[in-house]
There are 2 protein chains.
Amino acid sequence: MIEQEKISKEQLILEAAEQEFFIKGYDGARTTSIAQRAGVTHAMLHYYYRTKEQLFERIIEKYAKTIAETMLAAMGNPTMPIVERLKDGVSAHFDLVATNPLLPRFFLNEIIARPERYNLLYDKIKSIAGVLFASMQCEIDAAAERGEMERVDIRMLLMSILSLNIFPFIIHDFAQPVMGDLMANREQFIQQRKAENVEIIMRRIKKM
Amino acid sequence: MIEQEKISKEQLILEAAEQEFFIKGYDGARTTSIAQRAGVTHAMLHYYYRTKEQLFERIIEKYAKTIAETMLAAMGNPTMPIVERLKDGVSAHFDLVATNPLLPRFFLNEIIARPERYNLLYDKIKSIAGVLFASMQCEIDAAAERGEMERVDIRMLLMSILSLNIFPFIIHDFAQPVMGDLMANREQFIQQRKAENVEIIMRRIKKM
DNA sequence: TTTTGCGTTAACAAAATTGTTAGATAAAAT
DNA sequence: ATTTTATCTAACAATTTTGTTAACGCAAAA
């Protein structure tokens, strides 16, 4: 046979499942439509992955690390001075979300609908966050003392960053037709939006 | 019989369905668990509402107006001067979201999973938004000309407002255990968060 | 008192969705 | 070439979820 691009069906099914789960969630996704999207019969899906549940697990495993990062990356690089660390954190976090734009909505929906399922991942996020909050708040207080920035609660600030960086991707498809030309060029819009978010956060912490 | 609070089963089912649909979405909700939550057999659900679909419709109808408002209310009162209009808009919009904290996530999920279904509602939002964008941008440009505020794109600004006002409610249950005492008292947290969002937006448009 | 109609239940039926299997086909190994 | 192994299909089976119905009770109307 000719040297064809041999993307295995196993892989095709996984990719189709990813899209289907990300858009419709676990409950909304149908094994048959996943199979259809992958161009195989649904028997193949069960042959390779046995159950819908196991197929889903595979996807969660694949993204667990990215999920945790997406919840934490806004805290930036601990070695930088706090103001730059925050500026850099917003930017880096935005890029991370932009690389996996469907992931946050998917994960938040899943954890709301079936929290038990994600206890391990969740505990991990919690413990890391707890430690980082404390040290960042400390640095912020010190910088505020020196008059370098406004004194703010790091938790509030991080919630703002997550909101600004994640929500535009949640609302993306909904907003696009409403926004005229603003979102016509996706790449360009994403760059603008990132700059806007950095600007907002920098203004928020600027000493006035 | 004693003067009991006679909440009809019909009503109980509707309320149970609301919760179930809001948390799990159309696909995740089960007619049997809706019925269970309402304390009736699932036959009653079909007796009153015939199908899951029709029950769902009833809830969409009930909230259609609120949904549209939630997407638009951030634009505030057209009679106010633009800076105050925005300040007031952020605040009023936040309150609206806080009154129906589960609604935005629910609606966004639904419209992403099955867009066809919401064409009417969506078209309505689009047409209203289009007009308001133009007139608000005009006022912003004028105010900026007069040095009263920074010149900004109203669409970007509104996306920021929606992000800040809606996302905290999406992430609420997830964030609460991570945030230490910050979210321990819900009412207090909501007030703080509202003030924070107003502050962020005001700083964003402040002339510098 | 009888009738009428609503609310209710339990059992059943239908449909949708997930999961299995026996065997066909092709590819790889011996 | 033959055995073995992996891939695949179609038909079927099981399960879950939704929807229906027949029969019963009960309260209000006739």
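Note: hydrogens, waters and symmetry copies are ignored here, and every other heavy atom, side chains too, is used. Please read all numbers here as calculations on a predicted model, not as lab measurements.
Proximity of a side-chain donor or acceptor of Asn165(A) to a complementary backbone N or O of Val90(A) within less than 3.5 Å is detected. Ser91(A) places no side-chain N or O within donor-acceptor distance of the main-chain N or O of Asp88(A), the cut-off being under 3.5 Å.
Going from atom CD of Glu20(A) over to atom CZ of Arg37(A) covers 4.5 Å, rounded to the nearest 0.5 Å. Taken to the nearest 0.5 Å, the CD1 atom of Ile125(A) stands 6.0 Å off from the CE atom of Met71(A). Atom CG of Leu12(A) and atom CG of Leu45(A) lie 12.0 Å apart (nearest 0.5 Å). Going from atom NZ of Lys87(B) over to atom CG of Asn197(B) covers 13.5 Å, rounded to the nearest 0.5 Å. To the nearest 0.5 Å, atom CD of residue Glu196(B) and atom CG of residue Asp153(A) are 8.5 Å apart.
Annotation: cation-pi pair Arg117(A)/Tyr26(A) present, NZ/CZ under 6.0 Å from the ring centroid and within 45° of its normal.
Here Thr99(B) pairs with nothing under the side-chain hydrogen bond (donor to acceptor under 3.5 Å, both in side chains) rule; sequence neighbours left out. The salt bridge (Lys or Arg N to Asp or Glu O under 4.0 Å) search around Asp141(A) returns Arg151(A), not counting sequence neighbours.
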What protein N or O atoms touch nucleotides 17-19 of chain D N or O atoms at under 3.5 angstrom, if any, and at what distances?
from    : atom 1 : to       : atom 2 : distance (Å)
dT17(D) : OP1    : Arg30(B) : NH1    : 2.8
dT18(D) : OP1    : Lys52(B) : NZ     : 2.9
dT18(D) : OP2    : Thr31(B) : N      : 2.8
dT18(D) : OP2    : Thr31(B) : OG1    : 2.9
dG19(D) : OP2    : Lys52(B) : N      : 2.8
dG19(D) : N7     : His42(B) : NE2    : 3.3
dG19(D) : O6     : His42(B) : NE2    : 3.0

Close N/O contacts between protein and nucleotides 22-24 of chain C (under 3.5 Å):
none

Between protein and nucleotides 5-10 of chain C, map the contacts as a letter string: B base, S sugar-phosphate only, - none, heavy atoms under 4.0 Å, written 5' to 3'. -SBBBB
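A salt bridge links Arg85(B) to Glu139(B): one of the charged nitrogens lies within less than 4.0 Å of a carboxylate oxygen.
Heavy-atom distances under 4.0 Å link DNA chain C to no residue of residues 17-24 of chain B.
Taking the six-membered ring wherever Trp is involved, the centroid distance between the rings of Phe106(B) and Phe21(B) does not fall below 6.0 Å.
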